[in-house]
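These notes are about the structure you will find just below.
Note that the coordinates shown come from a computational prediction; the quantities given were computed from them, not determined experimentally. In what follows, chains are A, B, ... by sequence order, proteins preceding strands, each numbered from 1.
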Amino acid sequence: MRWTHALIPTLRETPAEAEIISHQLLLRAGLIRKLTGGLYIFLPLGLRALRKVEQIVREEMDRAGALEVLMPALQPPEIWKQSGRYETAQDVLFKVADHAKKEWVLGPTHEEVITTLVAGEISSHRQVPRNFYQIQTKFRDEIRPRFGLMRAKEFIMKDAYSFDATDEAAQASYQKMYEAYQRIFARCGLKAVPVEADTGVMGGKFSHEFMVPAETGENEVAYCDHSDYAANVEKAISQLPALPASGEEASLTPEKFATPGVATIESLAKAPYSVAPERQIKTLVYLVEGKLVLALLRGDHQLNETKLAAVLGTATFRPAEPAEILEAMGAHPGSLGAVQFDKLPVYADVALRGVTGMTTGANQDGFHYRHVAIERDIKVTRWVEIRTVKAGEACPRCGHPLKIQRAIEVGHVFKLGIKYSQALNAMFLDENGKKTPLVMGCYGIGVTRTMQAIIEQSHDKDGIIWPVSTAPYTVCLTPLNVAGASPTLKLAEQLYQELTAKGVDVILDDRDERPGVKFKDSELIGFPIRIGIGEKSLAKGEVEIKPRAGALLAVKTADAVAKVMELIAAGKS
RNA sequence: CGGAGCGUAGCUCAGCUUGGCUAGAGCACUUGGUUUGGGACCAAGACGUCGCAGGUUCAAAUCCUGUCGCUCCGACCA
């Protein structure tokens, strides 16, 4: 490609709309342009980088034995009603109407479609395992699109779906995808770590997310440096030392005492009460599918709503309003407690199991109870794990302190089970002639998000630093004089031919621009290798080879191609 | 959906508080010239429904109301 034939609208200044560095660089390097919020145009260079990421994904999926298909983005709502997700996913589902006012949905994923296909085409245990994937535009009515390609209304996803006869076989399919994902992100030059993740309301046994550590990520990961434990904080657990004995006489029973104006853990922790937060029981009230429930936590712990959703088996809940709480409990938030309270179900966090000498609200404004022993004084409906881990708590595997790091989710692998195959009747006959639902897994990679994550993780003050594997062009030839039949341009064209013949993606910056402009643009876009051809070095029979992230090399003209091939090979390993 | 901010040239922004002559700057763009190894300089030029609609006023980019869009925080997020 000749630069003068391309469209590469680099920007010297940062557009006001971009907040995070990768988004700024996507715009400044002329890779994308915004059409409107959450919708982007891929310009030629951006598309080339995207295609390279896609191709890596495709090669590794093929290598793992998955079969590429292409499914419609436009889907009938009936199959969504059949799976139940017409309701549960309604917040993200785009819906459109045709000329006859019939409703359609734009697919946020394709479990329903692929399961419908498989229900019709696979009927024998001899036809499994099978794994189908596609790379396709997905639509999600995101409440708040942001950060460019990171969270958009429309984005490109690789989605794969495995079908197996048994749970064990499904496990093997899952493992294959897990390994393929590690290869994919490694080839993209990304540090992406698999972490245990919540399975959400989809059910299923377990899942892993592939996370790119980045301060701008929308997720938090708890991990341990000493073991291989890593989990999304929505899922993470830790070892917690038991509370030291309270030192109270076991015979002490709950005693009500006045606490005027005290409505927070912190204020009860101060004089004159001086009740340490860990010796308090926090009482939260949630409205779950129209019914109130209590959630109990130690005073120094935070509720984890994702875990609560998993425990409740529904995502349809919210904190109760003060008025709802007053009506049900007879007190305002800040004075709530579950002592001798049996009107509502009580879900207590396991960190509270067996604790004694606790203080909690008395369900009467301005009063608390002390000397509370939870198992004696509170009727716990269920003991559950609903606490959010904090940095510094002990790793569940090895006991070393956990760290917490923000991260970008670029992929997930998910063991689905039989939820969709049952709902959409994807059954097969096993060896005994018995009709059985297929066991499914699903596996996603945000392709556009992955492209941006590469930039977020690999840049410097001058611009993007593309790995060879995903760069829009691998080599940028930069003749410093392009006038007429200048020897620099001539040599550039010769090198262009030679490198292209060897299969290298080359762009030739044949613009009549000052060297500084060319260097800056080349570094902003982040081509892995720049070859500078100027009259000074040419007089010595040399060209300058500048790896984007390395030092400048003076190389004899005759050795230039070999040197470039060597650098590319090193970059690919 | 709640809170906050912003909409003026392709981009970055000034002007708005306190209404008033022809709406400005830098970058980018066009033409000519000088330059030519790290985002050049000089000269001339082109580019604007001041987001949109309504209102107040002799007069609105500026004040008021509504509306649309964008950004951030929160809520939300398979």
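For the pair Pro108(A) and Arg140(A), the tightest heavy-atom approach, listed with the atom from each and the gap, is O-NH2, 3.2 Å.
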Please write out each protein N/O paired with an N/O of nucleotides 72-74 of chain B under 3.5 Å, distance rounded to 0.1 Å.
| from | atom 1 | to | atom 2 | distance (Å) |
| --- | --- | --- | --- | --- |
| rC73(B) | OP2 | Arg144(A) | NH1 | 3.2 |
| rC73(B) | OP2 | Arg144(A) | NH2 | 2.7 |
| rC73(B) | OP2 | Arg146(A) | NH1 | 3.3 |

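Projected onto RNA chain B by closest heavy-atom contact, Glu13(A) and Glu409(A) fall at different nucleotides, the more 5' of which corresponds to Glu13(A).
Taking the six-membered ring where the residue is Trp, the centroids of Phe210(A) and Phe185(A) are separated by under 6.0 Å.
Across all strands shown, rA61(B) remains unpaired; no Watson-Crick or G-U wobble contact has both distances below 3.5 Å. The partner of rA78(B) is absent, by the rule that a Watson-Crick or G-U pair needs both atom distances under 3.5 Å. Nucleotide rA43(B) has rU31(B) as its partner under the Watson-Crick or G-U criteria, with both atom distances under 3.5 Å. Both distances falling under 3.5 Å, in either a Watson-Crick or a G-U wobble arrangement, place rG5(B) opposite rC70(B). Across all strands shown, rU56(B) forms no Watson-Crick or G-U wobble pair with both distances under 3.5 Å.
Within the nucleic acid shown, Ala18(A) has no heavy atom closer than 4.0 Å to any nucleic acid atom.
Among residues two or more places apart in sequence or in another chain, the side-chain hydrogen bond (donor to acceptor under 3.5 Å, both in side chains) test is passed with Thr14(A) by none. For Arg387(A), the side-chain hydrogen bond (donor to acceptor under 3.5 Å, both in side chains) partners two or more places apart in sequence, or in a different chain, are Ser238(A), Glu393(A). In this structure Gln405(A) satisfies the side-chain hydrogen bond (donor to acceptor under 3.5 Å, both in side chains) test together with Glu215(A), sequence neighbours excluded.
Judged purely by atom type and a 3.5 angstrom limit, Thr388(A) uses its side chain to pair as donor or acceptor with the backbone of Leu303(A).
Within a 6.0 Å sphere centred on CD of Gln302(A), heavy atoms belonging to other residues, nucleotides or ligands number 12 at most.
With rounding to whole Å, Lys153(A) atom NZ is found 16 Å from rC77(B) atom P.
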Inset, instruction - Let me have a per-nucleotide readout for nucleotides 33-42 of chain B, 5' to 3', with B, S or -, counting only protein heavy atoms under 4.0 Å. - result: --BSBBBB--

Compile the donor-acceptor pairs under 3.5 Å between side chains in residues 527-538 of chain A and protein atoms, sequence neighbours left out, one pair per line.
| from | atom 1 | to | atom 2 | distance (Å) |
| --- | --- | --- | --- | --- |
| Arg530(A) | NH1 | Glu523(A) | OE2 | 2.9 |
| Glu535(A) | OE2 | Asn481(A) | ND2 | 3.0 |
| Ser537(A) | OG | Gly534(A) | O | 3.4 |

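In terms of polar N and O atoms assigned as donor or acceptor, the side chain of Arg318(A) never comes within less than 3.5 Å of the base of rA75(B) in a complementary pairing.
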